[in-house]
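Since the structure is predicted, the reported quantities are computational estimates derived from the model, not experimental observations. In each ligand, atom 1 is the first atom listed, and ligand 1 is the first ligand listed.
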Amino acid sequence: MSQTRSVSSPAEAEAFRDSILRHVRYSLGREWSQLTGRELFEAVSFAVRDRIVDLMVETEARIKENAGKRVFYLSMEFLMGRSLGNNLHNLGLWDVCRDALDEMGVDIEEIAETEVDAALGNGGLGRLAACFLDSLASLGLPGYGYGINYEYGLFRQELDNGWQKEKPDSWRALGTPWQFERREEAVVVPLFGELSQMEGHDGIENSMWLGWDVIVGVPHDMPVVGYGGKSVNTLRLYSARATDEFDMSIFNEGDYVEAVKQKMESETISKVLYPPDSDDKGRELRLIQEYFFTSCAVQSIVRNYLAEHGDLANFADKIAIQLNDTHPALAVAELMRVLMDEHSVEWDEAWDITRNTLAYTNHTLLPEALERWSRELVERVLPRHLQIIEQIDAQFLAVVEQRFPGDTERKQRMAIVNHEGEQSEVRMAHLAIVGSHSVNGVAELHSELVKSDLVPDFHELWPERFNNKTNGVTQRRWLHQCNPGLRDLINEAIGPEWVTDLDRLRELEPFAEDAAFRERFLDVKLANKQRLARTIAHDVRVDVDPASLFDVQAKRIHEYKRQLLLALYAVHSYLRIVEDGVPPASPRTIIFAGKAAPGYWAAKQQIKLINSIGRVINHDPRCAGLLKVVFIPDYRVSLAEQIMPAADLSEQISTAGMEASGTGNMKFALNGALTIGTLDGANIEIREEVGDENIFIFGLLAEDIARQRADGSYNPRAIYENNAELSRVLDALSGARFSPGDPRLFHWLKETLLDRGDYFFNLADFADYIATQDRVSHEFQDTENWSRKAILNVARMGKFSSDRTISEYARDIWGLLPSRTVVGV
Ligand code: 26Q
């Protein structure tokens, strides 16, 4: 290929090489000749880290001097992925490092590939948090992530005869060069114990929280390097430790082993990331995790604020705390507790501070994903917090009574603690809304549905609190770094300003009409597809043709995301070939990737279904050169970095009204894939940007689905009976054709779709989906036309930079000035 390779200055490369060699010897205690690949990764990382530390110190000094507002992003999940390549790119040191290693006969790409992903998250919500950190740092904003330093990240996914098997992800087993442990900044987190009424010196009855256990939270700071190396922020992740002393009462009774056991139990709190399971096991530990990191964050924020400002008077002017979903919603009660119990702030003032500081982002409308904790559990683990929550609830319900006198039902609907039903429950979303000054959804449609369907009563009471912040992704990782071919091509055409100002990609539009540019664009895409094809050959042992249409659905496996619909299309295409003798207009490779929650039966069945379909199709000689179906295991950030640049078609086919936003949709389009999708989440806004002619939209609208759900008019069996192509597909799947040896294997399919009402409207959208896929196949044949559209997709993705999203949060929610004004340059 014709890519020009930029070269760093020899002096820089030499200095970098010296630094690496120094670390080999003095940090690792090794000689060059003895070095393993892992050690080389460490030495290079240490050399990079040295530069980062200087910038980190400078950044903190600058922020102190400005004494401006700081933002804290509280999230159970940060899906950071790998750091070495990202840090090198954002520091502008990639070429320097590459040249330094070149001279020593080492390939930087290979070294970077040895890094284990930091997979401290499940999916979209966790990766969004990571993109936000990149944007905060790149915009020069003082924004900090706070979360949990899980010892085990999201499980590694292996396939065993087509079934998902979960393996532990001990990502820090060999240590990580990217964390600074800060034991001196540990915080003590109280839990359990009981409340007792006590008379204070003023004669007023006060409740004291006594006899609590303690867990220690030890922060581990990860540097977050902003693009251009101007700012380095931090992500602070807490590990749970027992207090240094064993519980002396147990110890004195001579039960040494019991004392050690209790110590170990405290440390399980940060052991493992929870997948979103709907069942009840492990609930208590999850609640404690949520409280643990929220308390660590709140205490650390208050402590540092006091150290800087002396008193709490202007706290809310200087501190903004964003809650990433309801997982940290206990921050409402914890901030109240710390202000009142530890700093003697009166209730009313504490409440003003809390509400003015906190803001809440909602990421889902799915009822099963809305967090509710049994009141009894909260009372047992966090008696003081329950007491605070109930007082907040009482005051809140008085406000509702004032606005809607006598409306008891409304109060029941809105209460934070729900006393209907057998067990009283704390509704975390209600707590988060009542305790915040801002509530936002993550795409326009989603934010509207939050107001109209999820919490209409709250919207009626406080309309001014609700707003939208459409998600975005960082173009640094998701184009600049992961797609060097396209990056260089774009830079040659329009310069590199888009890296910090994604709207500049608009300047690419005229190049869509430039035949030579289109040619080179297609060359880049083909090279990216060849690379992914090598990964597939290696990991899946299937050979795929890089010239075929790469049709990709990569995301968590969930019924609402409808991987099933694409699987049905795959079988339909297969039957067209083998039964009707009609090949598709374009040869296709259908690629799935994604993990299922270990306890989510239906999702795990789908993985087996996809692999079973693939096994038949990929071995049928009649399909050779026409159709392949592969499932790439262990979807994770570093795999996404290979997949996004290699896709031709991006599958965004959720049941309308169910995908809050999606962010994979943005990454695919940014890398020149066309989208086939429903009018759901951010797809709607993607269509607005790229134009109707450059995206393939199909299916029912959210309002159609809502209506059919409400009036019960949806009849999937009638659709099955009236659509011969559909019934052929379902009949083929429920026989033994795709499940030799176990003809009952896929009986659940017809059961869920026909007998149990097809809750996700797969069959309703099937015909339109197939017709739209046929259009895709036809259009893909015309490469000139296809590449024109793909380039226009890239050119029109400016809106979906997380820089835009973060600027909107900063302006509308956090009241942060843009950094230039703050820094005064
Ligand atoms: C809850 C309770 C117990 C255990 C786990 C959980 C849990 C964990 C993770 C619940 C939800 C999640 C993750 C949700 C998520 O990723 N939502 C996605 O957020 C993206 C960013 O806003 C959106 O783009 C997606 O549409 C949304 O599905």
Side-chain angles (χ1 to χ4, degrees), residues 73 75-79 119-132 147-148 150 153-155 272-291 322-330 360-373 377 427-429 440-447 449-450 468-474 554-562 594-600 635 637 652-668 677-678 680-686 702 800 802 805-806 809:
Y73 197 78
S75 178
M76 279 291 268
E77 308 192 2
F78 288 92
L79 254 185
L120 310 185
N122 275 290
L125 168 148
R127 183 54 230 179
L128 184 76
C131 284
F132 280 5
I148 298 177
Y150 300 106
L154 186 60
F155 63 87
V272 59
L273 166 75
Y274 272 85
D277 265 342
S278 45
D279 67 16
D280 262 7
K281 64 176 175 348
R283 297 285 283 169
E284 175 173 332
L285 187 56
R286 166 88 186 183
L287 176 69
I288 293 176
Q289 282 189 334
E290 292 183 352
Y291 170 62
Q322 192 70 35
L323 307 178
N324 197 22
D325 217 299
T326 54
H327 315 152
L330 283 166
Y360 157 56
T361 303
N362 174 280
H363 296 265
T364 185
L365 303 163
L366 302 185
E368 71 269 24
L370 288 178
E371 286 193 300
R372 298 178 311 245
W373 294 108
L377 174 61
R427 296 158 163 162
M428 302 311 272
N440 75 281
V442 290
E444 273 166 21
L445 172 68
H446 168 64
S447 295
L449 293 172
V450 166
N468 172 246
K469 295 287 166 282
T470 298
N471 282 167
V473 303
T474 170
K555 52 180 80 235
R556 284 300 287 255
I557 313 290
H558 203 294
E559 287 164 286
Y560 83 78
K561 295 179 188 283
R562 298 201 296 193
K595 294 176 181 174
Y600 190 175
Y635 187 52
V637 172
Q652 307 299 335
I653 58 180
S654 51
T655 313
M658 300 197 78
E659 187 70 271
S661 162
T663 46
N665 46 4
M666 302 166 187
K667 294 164 198 166
F668 278 112
T678 48
D680 197 16
N683 297 351
I684 295 171
E685 291 157 75
I686 291 176
F800 303 103
S802 46
T805 313
I806 283 296
Y809 275 90

*Asks:* Among all the protein's non-hydrogen atoms, which is closest to atom 25 (C) of ligand 1, and how far away is it?
*Replies:*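 For atom 25 (C) of ligand 1, the nearest protein heavy atom comes out as Glu659 OE1, 3.4 Å.
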*Asks:* Checking contacts here: is it the side chain or the backbone of Val442 that comes within 4.0 Å of ligand 1, counting heavy atoms only? Could be both or neither.
*Replies:*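 Side chain only.
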*Asks:* Counting heavy atoms only, name the option from Met428, Lys555, His327, Lys469 that's nearest to atom 12 (C) of ligand 1.
*Replies:*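 Looking at heavy atoms only, the winner is His327.
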*Asks:* Give the numbers and elements of all ligand 1 atoms closer than 4.0 Å to a heavy atom of Tyr560.
*Replies:*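 Answer, ordered by atom number: 28 (O).
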*Asks:* If we set the cut-off at 4.0 Å for heavy atoms, which region of Asn471 has an atom near ligand 1: side chain, backbone, both, or neither?
*Replies:*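 The part of Asn471 near ligand 1 is the side chain, not the backbone.
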*Asks:* Can you tell me which residue among Asp680, Thr364, Asn362, Asn471 is in a side-chain hydrogen bond (donor to acceptor under 3.5 Å, both in side chains) with His446?
*Replies:*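 Option passing the side-chain hydrogen bond (donor to acceptor under 3.5 Å, both in side chains) with His446: Asn362.
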*Asks:* Test of understanding: given a 4.0 Å heavy-atom threshold, classify the contact between Arg556 and ligand 1 as side chain, backbone, both, or neither.
*Replies:*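 None of Arg556 does.
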*Asks:* Which residues pass the salt bridge (charged side-chain N to carboxylate O under 4.0 Å, His left out) test with Lys555, sequence neighbours left out?
*Replies:*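 Lys555 satisfies salt bridge (charged side-chain N to carboxylate O under 4.0 Å, His left out) with no residue once adjacent residues are dropped.
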*Asks:* Just jot down the side-chain hydrogen bond (donor to acceptor under 3.5 Å, both in side chains) partners of Glu685, sequence neighbours excluded, or say none.
*Replies:*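 Glu685 satisfies side-chain hydrogen bond (donor to acceptor under 3.5 Å, both in side chains) with Thr470, Lys799 once adjacent residues are dropped.
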*Asks:* For ligand 1, is any non-hydrogen atom under 4.0 Å from Ala443's backbone (N, CA, C, O), its side chain (CB onward), both, or neither?
*Replies:*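 The answer is neither; Ala443 stays 4.0 Å or more away.
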*Asks:* Determine whether the side chain, the backbone, both or neither of Met76 has a heavy atom under 4.0 Å from any heavy atom of ligand 1.
*Replies:*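 No part of Met76 is near ligand 1 at this cut-off.
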*Asks:* If only atom types and distance count, is the side chain of Asn440 paired as donor or acceptor with the main-chain N or O of Asn468 below 3.5 Å?
*Replies:*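 Checked: no pair found.
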